[in-house]
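Below is one structure, written out as structure tokens, with a few remarks after it.
Note that the structure is a prediction, hence the values are computed from the model and not measured.
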Amino acid sequence: MKEETKIVTAGRSAKWTKGVVNPPVTRASTVVFETVDEMNNAVANRFNETMVYGRRGTTTSFAFSDAMTTLEGGAGCALYPSGTAAITNAILAFVESGDHILMVDTAYEPTRDYCDKILAKMGVTTTYYDPLIGADIERLIKPNTRVVFLESPGSITMEVQDVPAISKVARQHDCIVMLDNTWGAGINFKPFDFGVDISIQAATKYIVGHSDVMLGTATASEKYWPQLRDNSYLMGQCTSPDDLYLALRGVRTLGVRLKQHQENALKVAKWLEQRPEVETILHPAFESCPGHEFFNRDFNGSNGLFSFVLNRGDKKTIKPFLDGLSHFKMGYSWGGFESLILGITNVASLRTSTQWQAKHPLIRVHIGLENADDLIEDLEKAFDRLNNAIDS
Ligand SMILES: *Cc1c(COP(=O)(O)O)cnc(C)c1O
């Protein structure tokens, strides 16, 4: 089946839709049974998409898990109330006191904080590694290394990792390979084809796609699915069927949205590349992006999220650049239909094993589904304000 067809059909088996197009919202804490046999039968099939109790899921969550497993690959998908909960619980499911994990230096900031503030307290140590390390990761693997965690590309500085090279070495040492695949969104990067064992997404971003639901997913290979599923259950992780309904609705347009985000973002990025105020474009499809060759080799496409580094300005003078934009709003997210922008001046402090050398601010944009020409005009005026602020 081709990708577009998968997107339309994923999670829509008759078992869940029961004669309508979309799997309905099944709201339940209590599931009731008429006979002892029915109840025993449900309990015996509790790992097999059978309703037993609300926390174990209802037909809506089963449909969404099926859809995510269809898109990402793997054997099953555990659901969490946020992307962060998916990351922390997936790691927690596989580590114990005395273990060591390898975490990419460009990890999402809360992921890093979790390692430093929660895992450390539990006696699990973390070594941060250069996202571009490739097969050299071998020299950082210790006898007690349990998890190698990747995020590709990094969500601020956009380094693309050599996922198959890292996975190969990690697996040779019996480490579990986890990837934050939020940027790939289950469409543009297929983690299980590249040796990943557990693929995690902030479904909050492109899956939901409309900036109105928090949701996380962790999809595991056959080998690790039972342990991930059991830990998710033991930790009491469950998600609202209303949110899952919206996420399923988001899935249906994921392919066309991503294509348009990609087209718009490439247009804006190409325009930015010509601007005299821009030092470098950090977009995986651009040669200037570290790991661009792995993007070309492993990805099916890009999306709306990228960054660029200015060759002038500072914390103070980017204020007028950012204030007064009409189409871009400032917000700590991405993946919705709307454009967003962030001025990031503390990049160097977000990493410990690699250096960030840029002297001027980094701007991260999420290019939405507006007309790219309107966005370019908005940015053009912003550059005028920046230049005025610096030159006056
Ligand atoms: C937003 C984000 C997360 C966290 O998702 P939440 O749903 O906000 O908790 C994790 N990883 C990446 C790359 C993200 O951008």
Side-chain angles (χ1 to χ4, degrees), residues 83-84 87 90-91 100-116 119 125-142 145 147-171 173 175-185 188-191 193-202 205 279-299 302-303 305-309 334 342 344 346-358 362 364:
T84 303
I87 292 164
I91 296 173
H100 169 250
I101 74 167
L102 285 170
M103 175 58 67
V104 64
D105 203 30
T106 40
Y108 181 63
E109 203 181 349
T111 305
R112 173 181 278 273
D113 286 346
Y114 169 71
C115 296
D116 296 345
L119 288 183
T125 53
T126 304
T127 302
Y128 293 95
Y129 68 88
D130 184 335
L132 301 171
I133 197 168
D136 258 1
I137 195 146
E138 185 147 37
R139 65 189 162 75
L140 299 178
I141 295 176
K142 304 183 198 181
T145 306
V147 170
V148 177
F149 197 103
L150 301 85
E151 181 180 323
S152 178
S155 68
I156 293 176
T157 44
M158 310 306 289
E159 294 87 347
V160 185
Q161 297 193 254
D162 188 346
V163 179
I166 295 173
S167 300
K168 187 166 170 234
V169 173
R171 282 181 167 200
H173 292 265
C175 303
I176 303 159
V177 181
M178 298 188 190
L179 168 78
D180 183 331
N181 194 32
T182 303
W183 198 89
N188 286 332
F189 186 74
K190 296 291 183 184
D193 294 344
F194 298 95
V196 170
D197 297 304
I198 297 180
S199 176
I200 300 161
Q201 277 198 53
K205 310 289 166 60
E279 174 83 26
T280 178
I281 304 286
L282 299 174
H283 181 309
F286 281 59
E287 239 167 86
S288 49
C289 188
H292 166 70
E293 63 272 31
F294 309 125
F295 172 79
N296 276 351
R297 188 190 62 192
D298 302 339
F299 281 71
S302 58
N303 58 40
L305 190 79
F306 72 92
S307 297
F308 56 97
V309 181
W334 47 283
L342 281 179
I344 308 180
N346 67 336
V347 179
S349 71
L350 302 174
R351 52 183 69 202
T352 50
S353 74
T354 54
Q355 306 264 310
W356 180 251
Q357 307 283 9
L362 173 149
R364 187 184 80 173

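- Contact detail for Gly134 and Asp162: the closest heavy-atom pair is CA-CB, 4.4 Å.
- A 4.5 Å side-chain heavy-atom check between Ser155 and Thr182 finds every atom pair outside the cut-off.
- We find that Arg351 and Glu109 are not joined by a salt bridge, their nearest charged nitrogen and carboxylate oxygen being 4.0 Å or further apart.
- Note: Met158 CE to Phe306 CZ = 9.0 Å, rounded to the nearest 0.5 Å.
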Chi angles and distances behind the side-chain contact (heavy atoms from CB on, under 4.5 Å) call for Leu102, Ile141: CA-CA 8 Å; Leu102 285 170; Ile141 295 176; 3.7 Å; yes
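- Judged by distance alone, the side chain of Arg171 and the main-chain N or O of Gly195 form a donor-acceptor pair under 3.5 Å.
- The closest side-chain donor-acceptor pair between Thr354 and Asp105 falls under 3.5 angstrom.
- In this structure, the side chains of Ile91 and Leu119 come closer than 4.5 Å at one or more pairs of heavy atoms.
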Check the pair Cys289, His283 against side-chain contact (heavy atoms from CB on, under 4.5 Å), reporting the backbone distance first and the verdict last. CA-CA 6 Å; Cys289 188; His283 181 309; 5.6 Å; no
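- Summarising the geometry, atom CZ belonging to Phe149 is positioned 4.0 Å from atom CD1 belonging to Ile200; distances are rounded to the nearest 0.5 Å.
- Listed for the His292 side chain is a donor-acceptor partner under 3.5 Å among the backbone atoms of Pro284.
- Val163 places a side-chain heavy atom less than 4.5 Å from the side chain of Leu150.
- Taking the salt bridge (charged side-chain N to carboxylate O under 4.0 Å, His left out) definition, one finds that Glu151 meets it with nothing, sequence neighbours left out.
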Does the side chain to side chain donor-acceptor pair (under 3.5 Å) test come out yes or no for His100 and Thr145, once each step is laid out? CA-CA 4 Å; His100 169 250; Thr145 306; 2.7 Å; yes
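- The shortest distance between side-chain heavy atoms of Ile133 and Leu140 falls below 4.5 Å.
- With hydrogens and angles disregarded, no donor-acceptor distance shorter than 3.5 Å links the side chain of Tyr114 to the backbone of Ile87.
- Not a single donor-acceptor pair under 3.5 Å links the side chain of Arg112 to the backbone N or O of Tyr128.
- For Phe194, the ring pair (Phe, Tyr, Trp, His ring centres under 6.0 Å) partners are Phe189, not counting sequence neighbours.
- Within the 3.5 Å criterion, the main-chain N or O of Ala107 finds no donor-acceptor partner in the side chain of Thr111.
- Within the 4.5 Å cutoff, no side-chain heavy atoms of Met178 are placed close to those of Asp197.
- Take Lys168 and apply the salt bridge (charged side-chain N to carboxylate O under 4.0 Å, His left out) test, not counting sequence neighbours, and it matches no residue.
- Screening Leu362, Ile344, Leu342 for a side-chain contact (heavy atoms from CB on, under 4.5 Å) involving Ser307 leaves a single residue, Leu362.
- Annotation for Val309 and Ala358: closest pair CG1-CB, 3.7 Å, computed over non-hydrogen atoms.
- Scanning for ring pair (Phe, Tyr, Trp, His ring centres under 6.0 Å) contacts around Phe294 gives an empty result, with sequence neighbours left out.
- The shortest distance between side-chain heavy atoms of Arg297 and Pro164 falls below 4.5 Å.
- Asn181 contributes no side-chain N or O that, together with a main-chain N or O of Gln201, makes up a donor-acceptor pair within less than 3.5 Å.
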Before you tell me yes or no, could you show the steps for Ile166 and Val177 under side-chain contact (heavy atoms from CB on, under 4.5 Å), namely the whole-Å CA-CA distance, both residues' side-chain angles and the distance that decides it to 0.1 Å? CA-CA 9 Å; Ile166 295 173; Val177 181; 5.7 Å; no
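- Under the 3.5 Å distance criterion, the side-chain polar atoms of Thr106 are left unmatched by any main-chain donor or acceptor of Gly154.
- In this structure, the side chain of Ser288 engages the main chain of Ile281 through a donor-acceptor pair within 3.5 Å.
- Salt bridge absent: Lys190 and Asp298 never bring a charged side-chain N and a carboxylate O closer than 4.0 Å.
- Partners of Phe295 by ring pair (Phe, Tyr, Trp, His ring centres under 6.0 Å), not counting sequence neighbours, listed by chain and number: Phe299.
- Side chain of His173 to main chain of Cys175: no donor-acceptor pair is present (N/O by atom type, distance under 3.5 Å, no hydrogens or angles).
- Looking at heavy atoms from C-beta onward, Asn303 lies in side-chain contact with Trp183 at the 4.5 angstrom threshold.
- Among residues two or more places apart in sequence or in another chain, the side-chain contact (heavy atoms from CB on, under 4.5 Å) test is passed with Glu293 by none.
- Proximity of a side-chain donor or acceptor of Ser302 to a complementary backbone N or O of Ala285 within less than 3.5 Å is not detected.
- Side-chain contact between Trp334 and Arg364 is present, with heavy atoms from C-beta onward closer than 4.5 Å.
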